[in-house]
Amino acid sequence: QVQLVESGGGSVQSGGSLRLSCAASAYTYVMYCMGWFRQAPGKEREGVAAIDPDGRTTYADSVKGRFTISQENAKNTLNLQMNSLKPDDTAMYYCAAISRKNGCNLDGPWARGFGYWGQGTQVTVSS
């Protein structure tokens with residue numbers, strides 16, 4: 001069983017930055033893809049960024065160049081540095097993990113809710 005706990009959400013003005021963190025069960029990063037998803041009111045959940053056990057990353061086109069996903073393996077922590085935030089980034093952000101056997105693509109099985117999920121942290125960007 002993988003446990004994930006997010007932190008770091010909040011409110012910021014357009015152009016600002018936030019850093020999200022996700023504390024994971026020990027050694028999750030060894031066997032699991034880890035990623036961030038978000039869901040805004042009235043919209044479908046979308047994948048934001050993912051990192052595989054080998055450290056390869058993938059990003060949604062909407063956040064490329066602005067967001068950076070990273071993991072601190074010694075601390076079993078997944079991070080998402082978000083810069084140049086826009087009002088369209090406003091959403092509940094979720095940390096997720098799925099076995100690497102399922103693939104780490106953002107539109108893979110975890111996009112349909114499979115895998116393990118945190119409780120979410122709210123990010124609000126005002127114009």
Side-chain angles (χ1 to χ4, degrees):
Q1 187 78 4
V2 174
Q3 294 184 328
L4 304 168
V5 180
E6 302 97 334
S7 62
S11 298
V12 65
Q13 289 191 327
S14 182
S17 298
L18 283 173
R19 183 179 178 87
L20 306 183
S21 294
C22 173
S25 304
Y27 303 111
T28 299
Y29 65 91
V30 175
M31 297 294 292
Y32 291 82
C33 306
M34 306 238 3
W36 292 95
F37 288 74
R38 67 186 182 186
Q39 188 166 20
K43 294 186 178 180
E44 292 187 356
R45 178 169 49 202
E46 64 170 336
V48 175
I51 186 166
D52 74 12
D54 298 317
R56 289 182 292 248
T57 60
T58 184
Y59 296 92
D61 287 343
S62 59
V63 306
K64 282 181 181 177
R66 301 188 297 122
F67 290 12
T68 302
I69 189 170
S70 62
Q71 54 189 22
E72 301 174 63
N73 294 340
K75 298 181 180 179
N76 297 301
T77 299
L78 180 73
N79 299 309
L80 184 69
Q81 179 65 42
M82 305 185 295
N83 298 328
S84 302
L85 283 161
K86 306 174 182 179
D88 283 349
D89 296 317
T90 295
M92 186 70 79
Y93 283 70
Y94 298 91
C95 176
I98 196 165
S99 171
R100 68 180 307 172
K101 295 182 294 184
N102 293 286
C104 300
N105 293 329
L106 290 172
D107 58 356
W110 55 355
R112 299 188 293 278
F114 292 97
Y116 300 92
W117 293 81
Q119 81 287 353
T121 186
Q122 178 69 36
V123 171
T124 302
V125 184
S126 58
S127 57

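Position 1 is the first residue of the sequence; numbering continues from there.
- Within the 4.5 Å cutoff, no side-chain heavy atoms of Leu106 are placed close to those of Tyr59.
- Between Val2 and Ala97 the shortest heavy-atom distance is CG1-CB, 4.3 Å.
- Side-chain N or O atoms of Trp110 include one that pairs as donor or acceptor with a backbone N or O of Asn105 at under 3.5 Å.
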### Task
Starting from the C-alpha separation in whole Å, work towards a yes-or-no answer on salt bridge (charged side-chain N to carboxylate O under 4.0 Å, His left out) for Lys86 and Asp89.
CA-CA 5 Å; Lys86 306 174 182 179; Asp89 296 317; over 6 Å; no
### Message
Under the criterion side-chain contact (heavy atoms from CB on, under 4.5 Å), I'd like the reasoning laid out for Arg38 against Val63: C-alpha separation, chi angles, the key distance, then a yes or no.
### Response
CA-CA 12 Å; Arg38 67 186 182 186; Val63 306; 4.1 Å; yes
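- Heavy atoms of other residues, nucleotides or ligands lying less than 6.0 angstrom from CD of Gln39 number more than 12.
- Between the SG atom in Cys104 and the CZ atom in Arg56 there is a gap of 8.0 Å [rounded to 0.5 Å].
- Note that CD of Gln3 is 12.0 Å distant from CG of Asn76, once rounded to the nearest 0.5 Å.
- Scanning both residues, Ser14 and Ser127, for their nearest heavy atoms gives CB-CA, 4.2 Å.
- Considering all non-hydrogen atoms of both residues, Ser70 and Arg19 come closest at OG-NH2, 4.4 Å.
- For Trp36 and Phe67, the ring centers are positioned 6.0 Å apart or more.
- Enclosure of atom CD in Gln13 is not indicated, since only 12 or fewer non-hydrogen atoms of other residues, nucleotides or ligands lie within 6.0 angstrom.
- Contact of the Gln122 side chain with the Thr90 side chain is registered, since non-hydrogen atoms from C-beta on lie closer than 4.5 Å.
- Under the 4.5 Å side-chain contact rule for hydrophobic residues, Tyr93 and Ile98 do not share a cluster.
- Looking at heavy atoms from C-beta onward, Met34 lies out of side-chain contact with Ile69 at the 4.5 angstrom threshold.
- Here the closest heavy-atom approach between residue Ser21 and residue Thr77 is recorded as CB-CG2, 4.2 Å.
- Between the side chains of Gln81 and Asn79, no donor N or O sits under 3.5 Å from an acceptor N or O.
- The two residues Pro53 and Arg100 come nearest to each other via the heavy atoms CB-NH1, 3.5 Å.
- Between Gly47 and Ala60 the shortest heavy-atom distance is O-CB, 3.3 Å.
- Distance check: Arg66 CZ to Ser17 OG gives 10.5 Å after rounding to the nearest 0.5 Å.
- How far CD of Gln71 is from CG of Asp52: 8.5 Å, rounded to the nearest 0.5 Å.
- Ser25 places none of its side-chain heavy atoms less than 4.5 Å from the side chain of Tyr116.
- Under the 4.5 Å side-chain heavy-atom criterion for ILVMFWY residues, no single connected hydrophobic cluster contains both Val123 and Phe37.
- In this structure, CG in Leu18 is found 9.0 Å from OG1 in Thr121, a value given to the nearest 0.5 Å.
- Of the residues Leu4, Thr28, Ile51, the one that meets the side chain to side chain contact (heavy atoms under 4.5 Å, CB included) test with Leu78 is Ile51.
- Two residues are said to be in side-chain contact when any heavy atoms from C-beta on lie closer than 4.5 Å; Met82 and Val125 fail this criterion.
- With hydrogens and angles disregarded, a donor-acceptor distance shorter than 3.5 Å links the side chain of Glu6 to the backbone of Cys95.
- At distances below 3.5 Å, at least one donor-acceptor pair connects side-chain atoms of Trp117 with backbone N or O atoms of Phe114.
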